[in-house]
Amino acid sequence: MAKKTAIQPTRSEDYPSWYQQVIKAADMAENSDVRGCMVIKPWGYAIWENMQAALDRMFKETGHENAYFPLFIPLRFLEKEAEHVDGFAKECAVVTHHRLEPGPDGGLVPAGKLEEPLIVRPTSETIIGSSFARWIQSYRDLPLKINQWANVVRWELRTRMFLRTSEFLWQEGHTAHATKEEALEETRLMLDVYADFAENWMAMPVIKGEKTDGERFPGAESTLTIEAMMQDRKALQSGTSHFLGQNFAKAQEIKYQDTNGEEVHAWTTSWGLSTRMVGALIMTHSDDDGLVLPPRLAPKHVVISPIYKSDSDRGQILDYCKQIENALAEKSFHGDPVKVMIDDRDMRGGEKKWFHVKRGVPIRLEVGPRDIADHKVFMSRRDTGENQSIDKNEFIAEAVNILANIQNNLYERALKLQKENTVRIDSLDEFKAYFTAKDSNKPEIHGGFAMSHWCEDPAVYKVLEELKVTIRCVPFDEPEENGVCIFTGKPSTKRAVFGKAY
RNA sequence: CGGGGCGUAGCUCAGCCUGGUAGAGCGCUUGCUUUGGGAGCAAGAGGUCGCAUGUUCAAAUCAUGUCGCCCCGACCA
């Protein structure tokens, strides 16, 4: 008899369904009345706010300023950059009217047709570029480093909560530089910021690399990416940083006078990271009992449940809990106070326990009369499920270390999964076997990442398409090495990461 | 846009094949009991069965149409 899990089905039974159930059980989000759009509920939004706070600080530390640009973009703006149009045209929401009037059947019908349709931003390169063109006159105006926190809309055919929704929240950084070198440096710097965030806050190991031609952002010269492996061994693109060359600068006349008095085009970059990261967080750490949160992003670090045997215990037990809360509030976990919640709701113990387990709170404490008598607390760790009775003062002294230990354990666990499921493959047969499910009707978890030699050739993409595998990136860490493309036999100097992707 | 599935109480679903007065479990409300582990008993609230048309004495049930959702593909952060 299998152990009863809080989430059903389990990961191994049905991963996509498990994912949806975790979101529901942890009360993070729900589907809305608008197709493809979700409602982010307080617990899910608090996680996003923690991500925002960490990233925002990092952006400011690297010299960026926040600003805000319009939700609507004139249609003609999008037309300016040819590749950009191709990339986004298929998924744009278009606003064509500005008024509603009573219709024949008692409902409302759009009226007041707009002279020029507006599109709801799928990304803001064009509208921000038009501002940049006005703001930038001289080399003294550069570099210009702007970030905006915003919502964007991409009309997706198929959506999945957090991973792909028609509307999503993100940040988009946009910068303009005097030289190509400086813009390239910025592109790389921001990718490093994303990787730092993923690994140190999310406890999610990532592979940094460059996208191949087919996977690049529409209109970019190069796209850098961080790729993470989820527990079903599929890849999730988790943040991208684009070197836009002078493509957008030329399309939008972002020009400045250099020190010689000559008018030249600026070099621009853009980089973005979205609420998709909340999905990444779920799929990286969570288990069959629900969400598991890395302490650095958890809305609450410690939840204390008082356990009353009788009403007369109440005051005493609550005082004891408050002592712990106050003592922890003075401890610093990465510069912030330890976030404690005393859950004093009148609920049964078991129900209350599972409530917090499912929501992924890193540490749960239970305090009853026996603990008080012994000056102890009963502690459970969400990451390992370990329970222990521990001296109260010892816990207070160790709490920050335990949180750090959980953070580290989650990272190491995720890294182990990634390493164990990344293999170097040097033959096409082996490659095919690696990515082929034994039961095509109900594909079991198979494959992972493959590191293989390749080349830019239509034949390569044909095979990949058949296997539903994509080139995730050409990793920076991978050394140059002479080999042959496993698809064509042509010479190759570097391996790329291949995988099935979200 | 293709292929599958589903719309019945807040949630999960049964009932439909074979038409005949709307069901269960969970949740919710109230009371009592319980409390170191997803409580027990009792009482109660809650549904024009997605929508429209048709067939019929009679439709949740049959037919046609329509809208919406979910899953699997193609496309994408």
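Each chain gets a letter, A, B and so on, in the order the sequences are listed, and its residues count up from 1. Note that the structure is a prediction, hence the values are computed from the model and not measured.
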Ser238(A) or Gln20(A), whichever maps to the more 5' nucleotide of RNA chain B: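 Nearest-nucleotide comparison on RNA chain B picks Gln20(A).
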On RNA chain B, compare the nucleotides closest to Phe88(A) and Lys24(A); which residue's is nearer the 5' end?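 Whichever sits nearer the 5' end wins; that is Lys24(A).
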Both distances under 3.5 Å, Watson-Crick or G-U wobble: report the partner of [N], or none.
| N | value |
| --- | --- |
| rU35(B) | none |
| rG44(B) | rC28(B) |
| rC1(B) | rG73(B) |
| rC62(B) | rG54(B) |

Sub-6.0 Å ring centroid separation between [X] and [Y]:
| X | Y | result |
| --- | --- | --- |
| Tyr19(A) | Tyr15(A) | no |
| Phe498(A) | Phe431(A) | yes |
| Phe59(A) | Trp271(A) | yes |

Check every atom of rG38(B), rC75(B), rG36(B) against the side chain of Glu156(A) and return the nucleotide holding the closest atom.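 My answer, after comparing the listed nucleotides, is rC75(B).
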Out of rG36(B), rU34(B), rC76(B), whichever nucleotide has its closest atom nearest the side chain of Arg348(A):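 Out of rG36(B), rU34(B), rC76(B), the nucleotide with an atom closest to Arg348(A)'s side chain is rU34(B).
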How long is the line joining [atom1] of [X] and [atom2] of [N], in whole Å?
| X | N | atom1 | atom2 | result |
| --- | --- | --- | --- | --- |
| Arg345(A) | rA39(B) | CZ | P | 13 Å |
| Tyr19(A) | rC71(B) | OH | P | 11 Å |
| Lys352(A) | rG36(B) | NZ | P | 12 Å |
| Lys211(A) | rA77(B) | NZ | P | 8 Å |
| Asp346(A) | rC32(B) | CG | C1' | 14 Å |

Residues that Asp346(A) engages under side-chain hydrogen bond (donor to acceptor under 3.5 Å, both in side chains), provided they are two or more places apart: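 Partners of Asp346(A) under the side-chain hydrogen bond (donor to acceptor under 3.5 Å, both in side chains) test: none.
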Mind checking Phe168(A) for me? I need base, sugar-phosphate or nothing, with any heavy atom below 4.0 Å counting as a touch.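 Touches a base.
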Just checking Leu163(A): base, sugar-phosphate only, or nothing, at a heavy-atom cut-off of under 4.0 Å?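 The residue Leu163(A) makes base contact.
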Quick test of your reading of the model: are Glu227(A) and Lys211(A) salt-bridged, counting only N-O distances below 4.0 Å?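 Counted as a salt bridge, because a side-chain N and a carboxylate O are separated by less than 4.0 Å.
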